[in-house]
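Let me begin by presenting the structure, written as structure tokens, before commenting on it.
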Amino acid sequence: MKDEQKKGLRWTSQFIHTGHDIDPETQAVVPPIYRATTYHQPDPWNPPRWDYARSGNPTRHALEDAMAQLEHGVRGFAFASGMAALTAAFLLFDQGDHLLVTEDCQGGTQRVLRGVFQRLGIRVSYVDTSRLDQLEQALTPQTRAVLVENFSNPFLHVADIRRIAEWAHQKNLLVLVDNTFLTPYLQNPLTLGADLVIHSATKMISGHSDVTAGIIVAADEALAKRVYFIQNACGLALSPDDSYLVWRGLRTLPVRMERAQASADALARALVDTPGVTAVYYPGLPDHPGHDVAVRDMRGFGQMVTFRLQRPDWITDLVPHLDWIVIGAGLGGTETIISLPELHCHAALTPEERQAREITPDVVRVSVGLEDPHDIIRTLTEAVKAVSTSRPGAGPTMLL
Ligand SMILES: *Cc1c(COP(=O)(O)O)cnc(C)c1O
């Protein structure tokens with residue numbers, strides 16, 4: 001289909017018709033997987049479009065192009081993992097530079113900052129990016145950028161990217177947004193003022209718990225050139241086979257997100273009414289502190305739900321009752337996955353840091369999958385009920 005024909009398509013349809021044209025020679029409807037690492041150059045003084053796979057690959061390009069369009073940026077880049085994408089973003093900075101980073105960001109982001117980039121002389125302050133006063137306080141003359149997770153982990157604080165970008169651009173800072181939890185389907189940070197959007201495509205975008213991948217989309221050409229230099233120079237790009245799988249994931253992303261977030265919403269409401277649950281964090285709930293920003297800037301509330309059990313020691317009893325639900329570190333797959341932030345996504349923090357951020361053993365994070373919502377809600381609420389009625393000290397009298 002020609003680009004002009006695609007212009008009138010609604011948002012969901014764009015995910016199905018972006019990033020690949022019907023092959024004029026074969027009429028194939030999906031891009032081929034090109035495994036070649038090198039390309040013949042009959043006229044080496046005028047190098048061809050493709051020359052060497054680390055520098056460029058047509059299958060990877062189909063994905064990068066689709067992501068650039070769906071995120072409303074100028075160019076996309078596919079990386080070997082979400083961490084490879086974040087690494088490429090951090091390599092934009094120099095020794096002595098200072099970054100402001102969302103305080104309850106993904107554990108892997110803190111691990112690479114602490115173990116690699118801080119060692120190399122990049123300084124980092126972790127702040128509550130939903131509070132401009134905290135950003136202002138942490139600002140130094142060397143501050144170069146703000147890295148925001150628009151949906152923080154595990155408590156799903158909602159960042160007001162518009163306000164952060166307005167503030168940051170007055171100070172000449174770059175705004176980097178990790179959009180993994182929302183995906184381009186639910187939010188486009190570049191249209192809210194961000195300069196770079198970063199994804200772990202391992203999660204919802206590929207969507208089947210079978211690919212490790214990352215994406216960056218840049219808002220302008222100058223920044224895109226710098227990201228491309230790093231992707232190529234450091235050899236961080238995604239393989240052709242995995243590029244194809246992520247590209248394929250985009251085709252079903254809207255229908256998967258719609259289904260999963262409808263179930264997440266129903267689960268959050270059911271958990272609110274479940275004895276033994278003392279807090280439910282889901283931005284779709286009207287009393288969630290980020291609800292209004294989410295309504296204004298997002299197309300939905302996503303598929304992640306976090307809740308707190310009445311007592312931390314219940315968690316060991318809960319696990320055997322989870323039945324068919326997967327327990328592990330991932331999210332965004334077809335299957336419902338429960339993570340215990342203390343053991344999984346936030347294992348890289350020290351116990352003191354986890355305590356300070358209230359990431360205690362009573363916190364349970366759910367990545368709601370595509371099973372029948374009744375199964376998800378029944379299994380989880382019955383598991384909590386089973387634990388809360390079998391344990392001594394259970395019941396509302398113990399609520400402090
Ligand atoms: C998983 C994740 C990452 C890291 O991505 P990988 O693909 O595991 O390397 C980064 N940011 C967020 C928000 C994530 O959930």
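Computed over heavy atoms, backbone and side chain alike; hydrogens, waters and symmetry mates excluded. Both counts, for ligands and for their atoms, begin at 1 and track the order of listing. This one's a predicted model, so the numbers in the text were calculated from it and none came from an experiment.
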Please test Arg162 against Asp160 for salt bridge (Lys or Arg N to Asp or Glu O under 4.0 Å), starting from the C-alpha separation and ending with a verdict.
CA-CA 6 Å; Arg162 229 184 267 271; Asp160 189 338; 5.3 Å; no
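Looking at His199, its side chain never comes within 3.5 Å of a backbone N or O of Ile215 through a donor-acceptor pair. At distances below 3.5 Å, at least one donor-acceptor pair connects side-chain atoms of Thr59 with backbone N or O atoms of Pro32.
Residue contacts with ligand 1 for Cys105 are absent, since no atom lies close enough (heavy atoms, distance under 4.0 Å). Both the backbone and the side chain of Met83 come within 4.0 Å of ligand 1, judged by heavy-atom distances.
By the 3.5 Å distance cut-off applied to N or O atoms, Ser200 is counted among the residues near ligand 1.
Sorted by first and then second residue, the side-chain hydrogen bond (donor to acceptor under 3.5 Å, both in side chains) pairs with a member in residues 173-182 read Glu71-Asn179, Asn150-Asn179, Asp178-Thr180; sequence neighbours excluded. Pairs of residues two or more places apart, or lying in two chains, that qualify as side-chain hydrogen bond (donor to acceptor under 3.5 Å, both in side chains) and include a residue from residues 335-344 are Ser209-Glu335, Thr336-Glu371, Ser339-Arg365.
Side-chain contact check for Asp128 and His157: no donor-acceptor pair (N or O, by modelled atom type) lies under 3.5 Å.
Residue Gln41 places its CD atom among more than 12 non-hydrogen atoms of other residues, nucleotides or ligands, all under 6.0 Å distant.
Listed by number with element, the atoms of ligand 1 under 4.0 angstrom from any heavy atom of Ser81 are 7 (O), 9 (O). Counting the atoms of ligand 1 from 1 in the order shown, those under 4.0 Å from a heavy atom of Ala213 are 7 (O). In the vicinity of Gly82, heavy-atom distances shorter than 4.0 Å reach the ligand 1 atoms 5 (O), 6 (P), 7 (O), 9 (O).
Taking only non-hydrogen atoms, the option from Leu331, Val112, Thr202, Leu86 nearest to atom 7 (O) of ligand 1 is Thr202. Taking only non-hydrogen atoms, the option from Thr180, Asp178, Asn153, Ile215 nearest to atom 11 (N) of ligand 1 is Asp178. When the heavy atoms of Gln106, His199, Lys203 are ranked by distance to atom 15 (O) of ligand 1, first place goes to Lys203.
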